[in-house]
Amino acid sequence: MTDLKAEIMRLKKERNAIILAHNYQLDEVQEVADYVGDSFYLSKVAAEIDCEVIVFSGVRFMAETAKILSPEKIVLLPEIDAGCPLADMITDEDVRNIKNQHPGVPVVCYINSSTEVKAESDVCCTSSNAVKVISSLPGRKVIFVPDGHLGDYVAKQLPDKELILWAGCCVTHAKVKPEDVLKAKDKYPGAKVLIHPECSPSVVEQADFVGSTSEIIRYAEKSDAKVFIIGTEVGVLCNLRASQPDKQFFLLHPGLVCPNMKKTRLQSVYEALAKNQYEIQVDVDLAAGARRSLTRMLELAQ
Ligand code: CIZ
């Protein structure tokens, strides 16, 4: 493993590359990354960083987002089959149909969506800026796709808005049931419960704090509490435990493991750099449409 790490470092330098890793990546991948974070943070890094190659350790829509924001760079996705079932729950044709049913209503798409869906939308958002992005739009009605759970959470934060939702969900976060929260609270009395808004509404309503992965990490850092129940993908424990060794973090549900995020291993990162695989290409016209939605998000959610 040490040799592999050393080889990755050597290749990174040789190819003027940087490694981005999502918070849900395996610890071994997060440990070799230059930047670790959520998709909003990583998309900003991808847009601003000066390098020739980006190795995006995450899932396909994230690597495509990096390519759209940095078309002149080589963007590599180490595991070509690392997809996102939530992103696959809606097509651009579905979005056109909803728009026809609600003419003139702006469409906000969650970043967990395909390039085609982003191109068909007015603005993109992530779980860390969804409330900000949607509240900044004029008018009462907003179409929000594809995550119905996140949409429900945002709608509750913004009672003046009327959200038209799509019934997609993250299959990993949707595994958690309200009784799992009760069991965890019984097991760790007094622990703070931090939950991702991709969980179902009946789970989210039992949280002490609801937020994206980065917001969960920040909340734990600032909190005086010592014990936390974490209701999001297991990968965030890598950051939480390393940066806050005086606190205890327990996963809310053993099923909070995204199989697609776990496809990327240290070996995959090495092979990405060594074999230039798998290079992401995005159709130029589609990329222009999706870039408009992404750029608008970056402007609205500075
Ligand atoms: O926005 C992201 O990166 C996702 C998918 C989750 C989160 O909250 O960080």
Side-chain angles (χ1 to χ4, degrees), residues 1-88 111-119 124 126 213 233 235 238-239 258-288 290-291 294-295 298:
M1 179 142 322
T2 316
D3 286 346
L4 209 49
K5 277 190 181 169
E7 271 304 284
I8 289 171
M9 295 307 147
R10 185 186 64 73
L11 284 167
K12 231 171 51 141
K13 207 166 164 193
E14 189 178 294
R15 299 206 56 196
N16 187 16
I18 58 144
I19 300 172
L20 306 182
H22 190 266
N23 284 325
Y24 296 161
Q25 288 288 291
L26 287 169
D27 294 12
E28 65 187 36
V29 175
Q30 294 194 31
E31 281 161 17
V32 294
D34 299 287
Y35 298 89
V36 179
D38 64 13
S39 49
F40 179 55
Y41 169 72
L42 295 176
S43 46
K44 284 203 296 185
V45 172
E48 289 161 11
I49 196 95
D50 182 17
C51 67
E52 283 171 55
V53 179
I54 293 175
V55 179
F56 207 120
S57 303
V59 294
R60 177 171 267 276
F61 78 80
M62 297 178 179
E64 286 187 356
T65 300
K67 181 68 184 174
I68 292 163
L69 294 173
S70 301
E72 74 293 350
K73 292 172 191 152
I74 293 172
V75 176
L76 304 174
L77 178 66
E79 287 293 334
I80 196 63
D81 293 332
C84 172
L86 169 59
D88 296 338
I111 199 157
N112 298 40
S113 55
S114 66
T115 299
E116 288 83 350
V117 165
K118 289 186 179 80
C124 200
T126 67
T213 53
E233 214 274 349
C238 173
N239 180 315
C258 170
N260 279 286
M261 284 285 182
K262 291 342 189 207
K263 286 178 180 164
T264 308
R265 311 204 62 105
L266 206 52
Q267 181 72 27
S268 338
V269 176
Y270 165 72
E271 286 181 18
L273 280 164
K275 301 181 188 168
N276 199 49
Q277 66 187 27
Y278 293 93
E279 188 172 350
I280 296 295
Q281 303 288 359
V282 182
D283 172 84
V284 175
D285 292 335
L286 273 181
R291 192 175 305 115
L294 287 160
T295 308
L298 295 171

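Model, not experiment: these values are computed from the prediction.
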Between the side chain of [X] and the main-chain N/O of [Y], is any donor-acceptor distance below 3.5 Å?
X	Y	result
Lys118	Ala287	no
Gln30	Gly235	yes
Glu52	Asn16	no
Glu116	Leu286	no

Can [X] and [Y] be counted as an ion pair, charged N to O under 4.0 angstrom?
X	Y	result
Glu64	Lys67	no
Lys5	Glu31	yes
Lys262	Glu233	yes
Lys44	Glu48	no
Asp34	Lys12	yes

Separation of [Y] [atom2] from [X] [atom1] (nearest 0.5 Å):
X	Y	atom1	atom2	value
Met9	Glu14	CE	CD	14.0 Å
Leu11	Leu273	CG	CG	5.5 Å
Leu42	Met62	CG	CE	7.5 Å
Leu4	Glu271	CG	CD	8.5 Å
Leu298	Ser43	CG	OG	5.5 Å
Lys13	Ile8	NZ	CD1	16.0 Å

* To do: List the steps and the verdict of side chain to side chain donor-acceptor pair (under 3.5 Å) for Asn260 and Arg60.
  => CA-CA 10 Å; Asn260 279 286; Arg60 177 171 267 276; over 6 Å; no

Compare every heavy atom of [Y] with every heavy atom of [X], then report the nearest pair and how far apart it is.
X	Y	value
Lys73	Ala47	NZ-O, 4.4 Å
Phe61	Ser113	CB-O, 3.5 Å
Gly58	Thr264	O-OG1, 4.2 Å
Thr126	Ser39	CG2-OG, 3.9 Å
Val32	Ile19	O-CD1, 3.7 Å
Val29	Arg265	CG2-C, 3.8 Å

Any side-chain heavy atom of [X] within less than 4.5 Å of one from [Y]?
X	Y	result
Ser57	Leu20	no
Ser70	Glu72	yes
Ile49	Tyr35	yes
Arg291	Pro71	yes
Ile54	Ile74	no
Ile280	Val282	yes

* To do: Answer yes or no: does atom OH of Tyr270 have more than 12 heavy-atom neighbours from other residues, nucleotides or ligands under 6.0 Å?
  => no

* Let me see the working for Phe40 and Ile111 under side chain to side chain contact (heavy atoms under 4.5 Å, CB included), right down to the final yes or no. => CA-CA 8 Å; Phe40 179 55; Ile111 199 157; over 6 Å; no

* Asked: Could you walk me through whether Val55 and Ile18 pass the side chain to side chain contact (heavy atoms under 4.5 Å, CB included) check?
  -> CA-CA 6 Å; Val55 179; Ile18 58 144; over 6 Å; no

